[in-house]
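Owing to the predicted nature of the structure, the values given are computational and were not obtained by experimental measurement.
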Amino acid sequence: MAATGACFVTGGCWSVFRRDMKSATGGLRTNPISVSTRPSTMSSEQALAPRVEEKEGIEKTISKCLEDMEVSEVERRSLQDYFQQSKDLSRSDGGPPRWFSPLECGTRLENSPLLLFLPGIDGVGLGLSMHHHRLGQIFDIWCLHIPVMDRTPFTELVKLVERTVRSENYHSPNKPIYLVGESLGGCLALAVAARNPDIDLALILANPATSFGKSPLQPLIPLFDVMPDQLNLGVPYVLSLMTGDPLRMVMTTAEKGLSLQQTVGEISESLGALSAYLSVLSDILPQETFLWRLKMLSSASAYANSRLHAVKAEILILSSGKDHFLSSQEEAERLCLMLPKCKIRKFADSGHFLFLEDGIDLVTIIKGVSFYRRAKYHDYVSDYIPLVPSEVRQATEEYRWLNIATSPVMLSTKEDGKIVRGLAGIPSEGPVLFVGYHMLLGLELTPLVLQFLAERNILLRGIAHPMMFKRLRSGILPELSTFDTFRVFGAVPVSGSYFYKLMSSKSHILLYPGGMREALHRKGEEYKLFWPESSEFIRMAARFGAKIVPFGVVGEDDIGQVVIDYDDLMKIPYFRAQIKDLTNQSVTLRTESSGDVANQDVHLPGILPKIPGRFYYFFGKPIETEGRKHELRDKEKAHELYLHAKSEVESCIAYLKEKRKGDPYRNLFPRLFYQATHGFTTEVPTFDL
């Protein structure tokens, strides 16, 4: 399909219209929506905004950065927009089911895969209207529209989608095809996947209707059959599913930070709009159509369930905890047990129409699950989707408590050796490799990444343990979704190929040579480095002329104390067997090493929390490798530089441990008192340099 137009499939015929036209043949009228310029994509070293003054706390700093950004993040559409567009779309409706491409999608990435949206019970095809702009930057989007009076059986809908899938796969056999289905559309996607196991499909299913047999509406179908058309109870029921929990709507509005008068006004406007929505829904789902769709759900559920064994596609299920139409969370677990390549993400406070809710961003979800790819396999570097302001705000809010509790202090070293407060000494141009100490449980990561974004507009691409990217069978470890934010912010699994690709893209790379061994250290091992003997990262850095920045971080001993460590757990048969099982499931690293720096057994130590102290970061003087490529091919020379970098990290740690003794705000209560008198967004002072 041409990038400048939108296509319709009507009985196998294609008709194309330009973006400035208001209608298309086939009876489907589409109003053009103004297209904003696409937000500039951001490189790993230019992720957000210009540097700001360093006298403000991280939250205020990030807030100013986002306000000052020149990157235009298009205003997100609302439920009201959905109803308005649905009204326009159904005004002169008729004909068979067909595809349309949303006009507001704009320009997309090169070689973007096709995304087919399969609607739920409403059939309009605008269920992704709040997500069109962002999705349109990375996908070629086609949406299936099922006209109000259309009575095409489910099996014929399956064939329609199947024809499109096969046709597009024929023209682009090396690209995946995404099927995004909600409710009824979820059954449709599963049916197509079952019939086409040899085509590379990626399914995203939002509350799929495969559990319709357990729906409270299932036994009411005979009642709807005899109910007068004037008494269309289906409309208010579907509206309640779309608008969700009224309390949540109020809370979402309150969280926007508006004034009291604005908040009350917006809530009143939202509640007043509900009556207008009823009128539109009556047009989209008259009694006869509502009953037809319910019966179709019943047959669709049976059809899809009978063919689950044939589904080979990669699948992401999005399940809502407050879906009053389907038992979605239970169904997600059932499907995941039956489907071999299945992942789940749960939304405890969401309702049935997940994509129409505020706070749900499908692109961010896809990024967090590493579900976006333009070829057969996902590439964590070339398939990475740059950050947008809403993702940074969300992460800042999610980890706000950690920043308040630890009030991070960051120091860096300029080229002339001068130590300064803040990150002014950090090189702007990549590639830059940061090597440092990994604190207990990696607690230093989030403040570090957010501060780099806020102050220097630099995204640190972390090289992480594969366990953060692969689901383990055992349930004692955190859910894989716990690490979604890290993947959104560009973390990649440790491997030589990804290290090479990040260097090639001139990224700012965060590497912990001590890895899990440092993050899960034993009692009494605080601030002790466990680096392997291998100096491979030195030679890789020299190959690209990268600067190496050694850094130290302290503060874990003021946060918690390890009271039950690996040695203690291994003395207990139950935990010993559990650790062995977890380690066997995990990817083995450092196979060439032995002793303390060998592959670390997977376990969770017992930690006694303390009243939070403060985190301190110190980035040493950058080590140049430019022009030393041939010199550092020599293993001895490379090892000398490796030991130098390690000693610099140890020096940074020693410096911080000594200097923090003179910080009057090292403890939590003096910091809270300072913030209470100066403002909670004000940066708390520290020791003199």
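- The side-chain contact (heavy atoms from CB on, under 4.5 Å) check on C652 picks up F618, with sequence neighbours excluded.
- Considering only residues two or more places apart in sequence or on other chains, K346 meets the salt bridge (Lys or Arg N to Asp or Glu O under 4.0 Å) condition with E333.
- Remark: K501 engages D379, V381, Y498 in a side-chain contact (heavy atoms from CB on, under 4.5 Å) (not counting sequence neighbours).
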Would you be so kind as to tabulate the donor-acceptor pairs closer than 3.5 Å made by side chains of residues 433-444, with sequence neighbours excluded?
unit_1	atom_1	unit_2	atom_2	d
Y437	OH	Y527	N	2.9
Y437	OH	E556	OE1	2.9
H438	ND1	E444	OE2	2.8
E444	OE1	M439	N	3.2
E444	OE2	Y512	OH	2.7

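- Checked against salt bridge (Lys or Arg N to Asp or Glu O under 4.0 Å), R633 has no partners two or more places apart in sequence or in another chain.
- In this structure, the ring of F483 has its center no less than 6.0 angstrom from the ring center of F469.
- For S497, the side chain to side chain donor-acceptor pair (under 3.5 Å) test picks out S495, with sequence neighbours left out.
- For E314, the salt bridge (Lys or Arg N to Asp or Glu O under 4.0 Å) criterion is met by R373, not counting sequence neighbours.
- With sequence neighbours excluded, the residues forming a ring-ring contact (aromatic ring centres under 6.0 Å, His included) with F544 are Y500, listed by chain and number.
- Relative to the ring axis of Y384, R461 places its NZ or CZ within 45° and under 6.0 Å from the centre.
- With sequence neighbours excluded, the residues that form a salt bridge (Lys or Arg N to Asp or Glu O under 4.0 Å) with E536 are R539.
- For E398, the side-chain contact (heavy atoms from CB on, under 4.5 Å) partners are T485, not counting sequence neighbours.
- For an aromatic pair to be called close, the ring centres must be under 6.0 Å apart, and F489 with F452 fails this.
- Annotation: side-chain contact (heavy atoms from CB on, under 4.5 Å) contacts of P113 (sequence neighbours excluded): F139, P176, Y178, Y372, R374.
- Among residues two or more places apart in sequence or in another chain, the side chain to side chain donor-acceptor pair (under 3.5 Å) test is passed with R166 by E162, N196.
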